[in-house]
Amino acid sequence: MTRRWFVLACCLMLTAPATSAQSRGGKPTAKSDPITGTWTGELVPPDGGSRPVKMELKFDGKSITGIVSGMPNPADVKAGSTFDPKTGALKLQLGRADGPAVLLTLEGTVAKGTASGKATGDGGGGTFKLTKKP
C-alpha cells in the first residue's frame, strides 16, 4: 500500500509543473481578459442626448476585434484597437462595417466591468460609458 502512495505522489509531482505551465499559456484567461464579451451603454455627444450602443468584443491578448450595433450604421472595431491589462487603458477605433476608415475613437479605462472615457471623431467629441454583461 505504501508503495502505491509513493508512485501516485511521484506521478503527481511530475505532472504538476506541466499542467501549471499549460495554464499560463499565451491565451488570456477570464480573469486576465476583462474585454471579451457583450458590452452595452451609451455614447454622449457634446450637444447632449445619448445614443445607445451594443458591442461584441474579443480580446486575443494583443488586440481587440468586434462588432458594434446601435449606431446609425453597423460598425466594426478596426485594427489599432488595444487594451493594456496592467493599466486598464482602452482604445477602440470604430468604423463602418463596409469600409476601412476609422470614424470614431473611444479612449478611456476599464475597471470592474465598466469602460468610460472620451470619444473623438468626424462628428465631434463626446464621452462614452459601457458596462460588460456578466
Side-chain angles (χ1 to χ4, degrees):
M1 185 73 158
T2 305
R3 187 175 193 177
R4 283 186 190 166
W5 285 109
F6 178 74
V7 170
L8 179 62
C10 288
C11 289
L12 287 174
M13 289 189 319
L14 291 173
T15 59
T19 304
S20 172
Q22 287 177 357
S23 67
R24 284 186 246 126
K27 291 192 177 187
T29 63
K31 183 178 179 184
S32 68
D33 180 10
I35 300 299
T36 300
T38 302
W39 293 78
T40 58
E42 61 184 11
L43 301 175
V44 181
D47 60 356
S50 69
R51 295 187 179 123
V53 66
K54 179 180 177 183
M55 299 183 181
E56 296 290 336
L57 301 177
K58 177 133 174 89
F59 180 57
D60 66 6
K62 295 181 183 180
S63 60
I64 302 171
T65 57
I67 57 171
V68 183
S69 59
M71 297 175 69
N73 295 303
D76 287 334
V77 177
K78 302 297 183 183
S81 297
T82 59
F83 173 68
D84 183 343
K86 292 179 183 175
T87 64
L90 174 70
K91 181 177 182 181
L92 294 175
Q93 296 184 329
L94 311 177
R96 290 175 56 157
D98 61 359
V102 172
L103 302 174
L104 181 67
T105 300
L106 307 179
E107 290 186 84
T109 57
V110 175
K112 297 180 183 178
T114 300
S116 60
K118 66 178 183 169
T120 56
D122 291 346
T127 61
F128 72 93
K129 185 170 183 181
L130 304 168
T131 304
K132 185 177 180 185
K133 288 188 176 183

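Treat the numbers as computed from the prediction; the structure is a model and nothing was measured.
Partners of Pro45 by side chain to side chain contact (heavy atoms under 4.5 Å, CB included), not counting sequence neighbours, listed by chain and number: Asp47, Arg51. In terms of the side chain to side chain contact (heavy atoms under 4.5 Å, CB included) criterion, residue partners of Lys133 (sequence neighbours excluded) are, by chain and number, Thr38, Thr40.
Of the residues listed (Leu94, Val77, Ile35), the one engaging Met55 in a side-chain contact (heavy atoms from CB on, under 4.5 Å) is Leu94, and it is the only one. A side-chain contact (heavy atoms from CB on, under 4.5 Å) with Leu92 is found for one member of Ile64, Val68, Thr82 and no other, namely Ile64.
Taking the side chain as every heavy atom from C-beta outward, Leu90 and Thr109 never approach each other to under 4.5 Å. For the pair Asp60 and Thr65, the minimum side-chain heavy-atom distance is 4.5 Å or more. Pro34 is listed as a side-chain neighbour of Phe83, based on a closest heavy-atom distance under 4.5 Å. Side-chain contact between Phe128 and Val44 is absent, with no heavy-atom pair separated by less than 4.5 Å. In this structure the side chain of Leu57 reaches within 4.5 angstrom of the side chain of Trp39, judged on heavy atoms. Ser69 places a side-chain heavy atom less than 4.5 Å from the side chain of Lys54.
Here the shortest heavy-atom pairing between Gln93 and Ser81 reads N-OG, 2.9 Å. Taking all atoms of both residues into account, the shortest heavy-atom contact from Val110 to Ala115 is CG2-CB, 3.9 Å. Between Pro46 and Gly125, the shortest heavy-atom contact is CD-O, 2.6 Å. Looking at every heavy atom in both residues, Phe59 comes nearest to Thr36 through N-OG1, 2.9 Å.
A donor-acceptor contact shorter than 3.5 Å is absent between the side chain of Asp76 and the backbone of Lys78.
Expressed to the nearest 0.5 Å, how far CD of Glu107 lies from OG of Ser116 amounts to 13.0 Å.
Salt bridge present: Arg96 and Asp98 bring a charged side-chain N and a carboxylate O closer than 4.0 Å.
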